[in-house]
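What follows is a short report on a single structure.
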Amino acid sequence: MYPYGYYQAPQVQNDYNQYDQLDPYAQQNQYDPYDPDRQPQQLERRVNQLERQNERQEREISQLQRDVNQLQRRLQRVNQRLRQVERRFNFPFTPFDGEY
């Protein structure tokens, strides 16, 4: 059965008390070392997930920054053309807020 006659204790699955699960405040300040979400494998998986999410958000931010820069350049060109047309036809130029 067991070598050398040693008795091995059965593995105990640690389940929360069913009444604690019903009360959301009962578990709030308690640390359970057997919580599956706090095991190294789950923590590593969550860290990897957060890193991928962070990289995705950084790519999205950089894409949005490129779009903003492109639109700023386009707006600047439009304003320059508008000034040329105003000078050509002697329209009074009245700058507005946000004018370059």
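Because the structure is a prediction, the values reported are computed rather than measured.
Tested against Arg73 for a side chain to side chain contact (heavy atoms under 4.5 Å, CB included), the candidates Asn69, Leu75, Leu71 yield a single pass: Asn69.
Here Gln84 contributes atom CD and Asn79 contributes atom CG; the two are 11.5 Å apart, rounded to the nearest 0.5 Å. In this structure, CD1 on Ile61 lies 7.0 Å from CD on Glu58, to the nearest 0.5 angstrom. A distance of 10.0 Å separates CZ in Arg87 from CG in Leu82, rounded to the nearest 0.5 Å. The CZ atom of Arg59 sits 10.0 Å away from the CG atom of Asn54 when rounded to the nearest 0.5 Å.
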Q. Does the side-chain contact (heavy atoms from CB on, under 4.5 Å) test come out yes or no for Arg56 and Glu60, once each step is laid out?
A. CA-CA 6 Å; Arg56 189 169 44 249; Glu60 185 178 348; 5.6 Å; no
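By the side chain to side chain donor-acceptor pair (under 3.5 Å) test, Arg66 pairs with Gln63, sequence neighbours left out. Not counting sequence neighbours, the partners of Arg46 by the side chain to side chain donor-acceptor pair (under 3.5 Å) test are Gln49.
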